[in-house]
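In what follows, chains are A, B, ... by sequence order, proteins preceding strands, each numbered from 1.
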Protein chains: 2
Amino acid sequence: MDGSVEPLKARRIYLLLKERIGSGGLPPGSRLPGEPALAAEHGVSRVTIRRALDMLAQDELIDRRAGSGTFVRSHSPVRPLVADLSNVLSHIVEMGRRTGIRLLSFAYAHPPAAVADALGLKAGERTQRSVRLRLIDGAPFSYLTTHVPERIGLTYSEQDLATVPLLALLERSGVTVDRATQAIGATLAGPEVAEALDLEIGSPLLSLTRVVYGPTGEGIEHLHALYRPDRYSFEMELSRAGEGADRRWSPVPVAAARRDAG
Amino acid sequence: MDGSVEPLKARRIYLLLKERIGSGGLPPGSRLPGEPALAAEHGVSRVTIRRALDMLAQDELIDRRAGSGTFVRSHSPVRPLVADLSNVLSHIVEMGRRTGIRLLSFAYAHPPAAVADALGLKAGERTQRSVRLRLIDGAPFSYLTTHVPERIGLTYSEQDLATVPLLALLERSGVTVDRATQAIGATLAGPEVAEALDLEIGSPLLSLTRVVYGPTGEGIEHLHALYRPDRYSFEMELSRAGEGADRRWSPVPVAAARRDAG
DNA sequence: GCTACCTGTCTAGCGTATAAGACAATTGGC
DNA sequence: GCCAATTGTCTTATACGCTAGACAGGTAGC
C-alpha cells in the first residue's frame with residue numbers, strides 16, 4: 001500500500017552520527033572515516049552506510065566530495081524556529097509573519113474521559129471539539145485540538161473559529177477567563193497528525209496541554225497542541241532570583257518576545 | 001550477514017500506542033479499536049497491527065481477550081512524572097523524592113561550534129564537557145550535557161560534579177550568575193541516549209537547551225538536557241493579564257511547585 | 001604521470017517484514 | 001439461541017532493506 005518505509009540499520013547509524021556531530025564528537029570540518037571503514041566499524045554493508053550518509057546530507061550536516069571524502073559541515077543547519085513563551089498567538093503576529101488557520105474538523109460530541117475530567121464536566125455532558133492547523137508562511141507548524149463545553153461553544157460559529165483565535169472568541173462572548181494550567185511534553189506523530197503537519201509517522205513532536213478555567217474554577221477550554229519542533233519551540237528568558245537556599249530561576253515577565261533567525 | 005531485521009512499521013505503531021497509553025491518551029481499562037480498525041487507521045495490514053500489539057502485550061501494557069477486544073491494563077505503570085517550570089533541581093528535592101546523579105563522562109576539549117557561539121568563546125578556547133544522568137527513585141529520567149569554559153570548570157573537581165548541582169558549584173566558586181535563556185523542543189533518542197535512559201532508539205524526548213550568562217554577558221554554562229516525557233514534563237500555571245489588545249497569558253511567579261500524582 | 005583512496009552507481013540475490021485474505025474460536029448483546 | 005464483532009491462526013504473494021561485489025569517475029599525494 002504505502003511502501004515508503006524508512007531503513008532501520010541505516011537510520012540507527014544516521015542517528016548515531018548525527019548525535020556525534022551535534023555533540024562535538026565529530027567537529028565541524030573534520031573528515032569522517034571512509035564508507036568502507038564505517039561499514040566495517042558498524043558491521044553493515046556499504047550501501048547501508050551510504051543510506052545513513054544520504055540522510056545526513058539531506059539535513060545539510062555533511063559535505064560529500066567524490067574522491068576526497070565526507071566532511072562535517074562547518075556551518076550548522078540553522079534554526080527557522082519561531083519562538084514564544086506562554087502566549088501562543090499574539091507574539092507571532094507581532095513578529096510580522098503571516099500565519100493562517102485551517103479548520104480541519106468541527107463537531108459536538110462526548111469528550112474523552114481525560115478531557116471531561118480536566119474540565120470538570122458532568123457525566124454525559126458534551127463538548128465542541130475542533131481540530132485546527134496553524135500555518136506560518138504557508139507551512140504547517142501546529143496541530144490544535146480544542147474542547148469547549150457545549151453551552152460555551154454555541155456562542156460563536158464555525159466560521160468564527162476559522163479566523164479568530166479561540167480565546168478572543170470566548171472573551172468576546174462574555175466568558176471571563178481567569179487562569180490556566182499547562183504541561184509541556186513530547187510525543188510521536190501519528191498518521192493523521194503526520195499527514196497534516198507534512199511529517200513522517202514517528203517524527204518527534206512538542207506537545208502542550210492547557211486547561212483554561214474561569215473565576216469560579218469551572219473548566220472553559222481544553223487545548224491540546226502538537227508542534228513541529230523544527231518550526232516551533234518554546235523560548236524564555238530567566239533571571240536568577242532569591243537568596244541562599246531559596247536561590248532559583250524565575251521567568252522574566254514575558255514581553256521578551258524573542259527574535260528569530262528566520 | 002545478519003538478516004534478523006526488526007519490524008519497522010510494527011515497531012512504530014508499537015511505540016505510538018505505548019506513548020498514548022503512557023500519556024493517558026488511552027486510559028487504563030479502555031478498549032482499543034479492533035485490529036481491522038487499527039489496520040485501516042494506520043494504513044497497514046492486520047498482521048502488522050498484531051505484531052505491535054504482541055509487543056505491547058509482552059510489556060504487559062494491554063490485555064487481549066479473544067472475542068471481546070484488546071484493553072489497556074488497569075494496572076498503571078504510568079505517571080511517575082515529575083513537574084517543574086524553570087528551576088529543575090530544587091523542586092524535585094522539595095518534593096521529597098530521592099534523586100541521584102551518575103557522571104557518565106568528564107573531559108576538557110574543544111566544544112562544537114554551536115556551543116562556542118552560544119557561550120561567546122574565542123576560537124580555540126576549550127570547555128569542560130560533562131555528561132550526567134539524573135535518576136529519580138533509581139530510574140533515569142534525564143540526560144544532561146553541560147559545557148563550561150575551561151577557566152571556570154577548573155574551580156571544582158570531577159568528584160564535586162557527581163554530587164553537587166552544577167550551578168551551586170559555580171556560585172560557590174564565586175561566579176556570579178545573572179540571567180539565562182532557554183528553549184524547549186522535542187527530538188528522538190539516539191543510541192547512546194536511548195541506552196542511558198533505558199529507552200528504545202527512536203523514542204520521543206523533551207529537549208531543553210539553556211545558556212547561562214554572567215553580569216557582563218559572558219557565557220558561563222551551556223546545558224543541553226534530554227528528558228523522558230513519561231517521567232518528566234514541564235508544568236506551569238498561567239494567569240490572564242493585560243487589557244484589550246495586549247491581553248495575554250503570563251506565568252504565575254513560580255513558587256507554584258506543582259503537586260504530582262504520585 | 002602514477003597510484004591509492006575516495007565517492008557515485010550499478011547488479012544480483014537473500015531474508016523477512018508486510019500485505020491480503022480465509023477460516024476457526026471466543027465473547028457479548030439482543 | 002442467534003448474530004455480530006472480536007482475537008487467534010493459518011496461507012500465499014509481494015515489497016524492500018540489506019548484503020556482497022564490481023566498476024567508473026574524482027581527488028590528492030608522491
Inset, instruction - Mind checking B:Arg65 for me? I need base, sugar-phosphate or nothing, with any heavy atom below 4.0 Å counting as a touch. - result: sugar-phosphate

Inset, instruction - Return the value, rounded to whole Å, for the distance between atom CD of B:Glu35 and atom P of D:dA5. - result: 15 Å

Inset, instruction - Assess whether one donor atom and one acceptor atom, taken from the side chain of B:Arg46 and the base of D:dG8, lie less than 3.5 Å apart. - result: yes

Inset, instruction - Assess the side chains of A:Tyr156 and A:Gln128: does a donor N or O sit below 3.5 Å from an acceptor N or O? - result: yes

Legend entry - Nucleotide of D:dG8, C:dT18, C:dT7 approaching A:Ala66 most closely (side-chain heavy atoms): C:dT7

Inset, instruction - Considering just the side-chain nitrogens and oxygens of B:Thr70, establish if one lies under 4.0 Å of OP1 or OP2 belonging to D:dT6. - result: no

Inset, instruction - For B:Arg50 and C:dA22, give me the distance from atom CZ to atom P, rounded to whole Å. - result: 18 Å

Inset, instruction - Send over the distance from B:Ile49 CD1 to C:dA20 P, rounded to a whole Å. - result: 13 Å

Legend entry - Length of the line joining A:Lys9:NZ and C:dC14:P, which is rounded to integer Å: 17 Å

Inset, instruction - Give the rounded distance in Å between these two atoms: CD1 of A:Ile13 and C1' of D:dC18. - result: 11 Å

Inset, instruction - Just compare C:dA17, D:dG17, C:dT9 and give me whichever is closest to any side-chain atom of A:Arg51. - result: D:dG17

Legend entry - Whole-Å gap separating C1' (D:dT6) and CG (B:Leu38): 12 Å

Inset, instruction - Indicate the atoms forming the closest heavy-atom contact of B:Leu32 with B:Val72, along with that distance. - result: CD1-CG2, 3.6 Å

Legend entry - Residue B:Pro36, side-chain atoms from C-beta onward, closest of D:dT7, C:dT18, C:dT9: D:dT7

Legend entry - Whole-Å gap separating P (C:dA17) and CG (B:Asp54): 13 Å

Inset, instruction - Report the distance from atom CZ of A:Arg31 to atom P of D:dT27, rounded to the nearest whole Å. - result: 15 Å

